Student: 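I'd like to ask you about the structure that follows.
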Amino acid sequence: MKRYVRKFSISAFATFGALTITLLAYFFTSKTIQEREELEFKNISFQVNQSISSRMKTYINALVQTRSMFYVTTEVDRSEFHNYVNNLNLLKLYPGIQGIGFTQRILKKDLKSHIAAIRREGFPDYKVWPDFERPEYHSIVYLEPFDWRNKKAFGFDMFTDPTRRVAMEGARYSGKPFSTNRVILVQETEQDIQYGFLIYVPYYDSVDVDATIESRREKLKGFVYSPFRSKDLFRDILEPIRNERVGVEIFIGDDASENLIFASKNLQGIKSPEQVLKNDLEVAEKKWLIKTYALPGFSKESDYTAPLLLLIIGLLFSLSLFWIVWKHQKFTRLERERAKNLEALHRIGKTLSAELNLEKLVQAITDVGVELSQADYGAFFYHAVDEKGVDCIRFTLSGLSRETTENQELPFDKMYSTIFHKKTTYRCDDITHEPDLIQKLPFLNLVRGHLPVRSFMAVFVISRTGKVLGVLFFYHSKVGIFKDREQMLVEGIASQAAIAIDNAKLHQEMTDAVAARDEFLSIASHELKTPITSMKLQFQLAQKLIMNDDEKVYDREAVKKRVLLAASQLERMSKLVNDMLETTRFSSRRLDLIQEVLDLNDVTQLVIDSLQQQLDSKNIKLTFMKNAQDPLVYGDKNRLEQVLNNLITNAMKYGNGKPIEVITEEKDNSLLLMVRDHGMGIPADKIDSIFNRFERVDSNSPIRGLGLGLYISKEIIEAHKGKIWVESVLDQGSTFYVQLPRF
Ligand code: ADP
């Protein structure tokens, strides 16, 4: 759990870092784009302002130039004015202007002559209007182009209109171009009524006019002026920089609705623009306010695709990072675990290989297996050899005491052959799902009270030669305990264990061999020493008798006796040496037989005769029963005599001086020879092993022997394709059987 929390925190931390970077990147790119768009909008606003300003300057310049014409030409007539304005080409170049005109100041006394003069020019209907009496009149006399619309203004006295008058007076007093506030031009018809404004440039009767108000009023001769229809004007000005997503409003004065002279069409119905910029502009002594609007959609959606993409990719990356870090941590944890496991196995391997005692070794293997697999308990069933040298199955336990198991025969062999014949690891997460297996598993039906086993695992210990040395079993009361890790560890232990067991067995065999050799050497030297000592004694005595100078004292019989005794000792010694030689020969398989047809009764009789003297001296009665008729065998005479000699000698040695029976018999198609004594007998567990090399029932027995006689006899009989065995009852005697094929 703790590990998970830690793992999660590291992954979450990395993801959080990546997320923060993503969000910051998103924020900054968005901001940069926003700033760029703001800048773009500012730039458009600036262009709007500049265009309006420069166009108005052009118009005002044109008005001022037109006025100059009045100064340079003494009398400006209609055609001159027409030509001049036409030459300016203004209306064609900048069509926003409605025209350029001249409004003349007429004193009351001159009104009539003025009207008459204009009428004479070919305008019989000309009048100055509105028609009411006043000290001075102002009449539009020229207005180019003199088209149908402009003709509507012909003769109009603009001074009678308060708004226009304010501007006219302003111009008159300042001497500068002066604009009106918003007006509706007299040229307007019923249709497409537009707001407009007018700019006046005063014209006095001389260029150098006094600065006083009085003199300016006196000397004013009229105004050169221009009417502007604002929609036409501003559409024309703004056309080159038109942007569907930018709206423009123009006011003369502040942004009160009565001051609005122009609002671009695209502003209709717009409630919340993205941005608004206000710019002031000075036009003919009036303050204009130009408002530009960034309409919804000005910020191009495509511009935000990049940061959005960045955000999505960043988020995806952050999430992947979580996954990657999570996986990486898992990977490093597994690596660490593997290294730890390997280290543990290495350590265990060292411990196991150092243990040469098989009993201790198998216990250690079981304990280590239980520890590393985290099992509740475990057992190790292994092949061993019992005291009789017979193969058997033994087991060790770990985490469980031996008393808990009932003293039943273990069903290992059965289980081994039914379930585990494949020799591969067997793992089960919940054994209750496999009722068949439960019946066959060791312990589950042996352990008192049936331990609550759920998880189970069996791992084979197999030697290098492929032989199954044993099986390790692990049990746990919980479900799903043994995973790949546990399996890997225990399999590791099993392979180490196989080597260690092999080593221990080899070591045991070697130790046994060394012990047998040592025992043999000690017995052999003892056996050799006895006849040598006796021989030495006999010779010394004989020598003494021979060396005696006195002929009479020389006892020929006594010397003969000593020499004979010495010779018999020599004979015994030579037999011992022979036996030893034979043994080494057998081990290298060099038993050559010189075979001929023999009568078993004759051969046996010969041996008995050769031993008769010894039997007599020991007072042992031997009966030979020749029950077999013509018992012919095809054999090596000397070798068969050697076997018979061994068996009868043994009967004499271990027969407690009791009678001996030697019997030949026919059995089926073979011949049977029996040597029976009534002596000490052989314990049941030694019956088979006494035929092994150096094997003696009691190595401390006062009866001398090398433990080679029976071994040699067995080799000889088997070389004759026969059989040798013994039946014996302790303290009652033994019968040795030799069975040979009949010739
Ligand atoms: P040795 O007699 O030289 O020890 P053997 O190979 O002839 O060697 O016999 C092996 C062992 O078998 C003897 O040491 C003895 O313990 C046992 N043995 C052989 N023959 C008899 C017998 N007739 N009665 C009891 N024990 C016997």
Side-chain angles (χ1 to χ4, degrees), residues 387-389 515-531 569 571-587 591 604 607-608 611 614-615 618 620-624 639-663 672-719 723-738:
E387 297 75 24
K388 295 180 215 162
R517 189 200 61 194
D518 289 351
E519 193 187 343
F520 170 74
L521 282 178
S522 93
I523 295 168
S525 47
H526 184 258
E527 288 294 304
L528 287 171
K529 211 169 163 209
T530 317
Q569 296 301 333
E571 181 62 29
R572 196 173 142 205
M573 226 165 72
S574 118
K575 186 186 174 295
L576 277 173
V577 173
N578 251 345
D579 278 359
M580 286 197 273
L581 269 174
E582 297 267 26
T583 312
T584 50
R585 239 186 250 160
F586 291 160
S587 62
L591 182 63
T604 311
V607 177
I608 293 171
L611 290 170
Q614 279 188 51
L615 285 162
K618 288 186 176 168
I620 295 171
K621 190 170 174 274
L622 187 142
T623 320
F624 181 23
R639 293 293 184 194
L640 290 179
E641 278 180 9
Q642 199 180 346
V643 173
L644 279 161
N645 195 332
N646 276 336
L647 295 180
I648 298 169
T649 318
N650 277 351
M652 288 159 68
K653 266 159 61 178
Y654 307 103
N656 289 349
K658 297 202 175 135
I660 298 168
E661 290 102 46
V662 178
I663 309 152
L672 207 59
L673 176 108
M674 291 164 267
V675 179
R676 178 172 299 144
D677 66 66
H678 303 277
M680 57 173 55
I682 303 161
D685 60 329
K686 295 274 180 184
I687 293 267
D688 294 321
S689 62
I690 49 165
F691 292 96
N692 293 343
R693 221 178 348 171
F694 311 127
E695 208 51 70
R696 308 194 71 217
V697 171
D698 178 8
S699 53
N700 299 318
S701 156
I703 303 166
R704 288 174 316 212
L706 279 179
L708 289 174
L710 287 179
Y711 169 71
I712 293 168
S713 305
K714 190 175 176 217
E715 292 290 326
I716 293 170
I717 296 301
E718 281 175 358
K723 259 165 69 182
I724 181 167
W725 70 96
V726 63
E727 282 173 7
S728 179
V729 178
L730 207 59
D731 294 329
Q732 290 194 21
S734 317
T735 307
F736 282 85
Y737 295 85
V738 173

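Just follow the structure's listing: the first ligand is 1, and inside any ligand the first atom is 1. Because the structure is predicted, anything quoted here is derived from the model rather than measured.
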Student: Any idea how Phe736 and Phe691 line up, ring-wise: parallel (<30°), tilted (30 to 60°), or perpendicular (>60°)?
Tutor: perpendicular
Student: Students should find this: residues with any non-hydrogen atom under 4.0 Å from ligand 1. What is the answer?
Tutor: Asn650, Lys653, Tyr654, Asp677, Met680, Gly681, Ile682, Ile690, Glu695, Arg696, Val697, Gly705, Leu706, Gly707, Leu708, Gly709, Leu710, Ser734, Phe736
Student: Other residues, nucleotides and ligands only: do more than 12 of their heavy atoms fall within 6.0 Å of NZ on Lys653?
Tutor: yes
Student: Side-chain contact test, heavy atoms from C-beta onward, threshold under 4.5 Å: evaluate it for Leu622 versus Leu611 and give yes or no.
Tutor: no
Student: Would you say that Ser728 contacts Ile687 through its side chain, given a criterion of any heavy-atom pair below 4.5 Å between the two side chains?
Tutor: yes
Student: At their closest point, which heavy atom of Ile663 faces which heavy atom of Arg676, and how far apart are they?
Tutor: CD1-NH1, 3.9 Å
Student: Please report the interatomic distance CG(Asn578) to CD1(Ile712), rounded to the nearest 0.5 Å.
Tutor: 8.5 Å
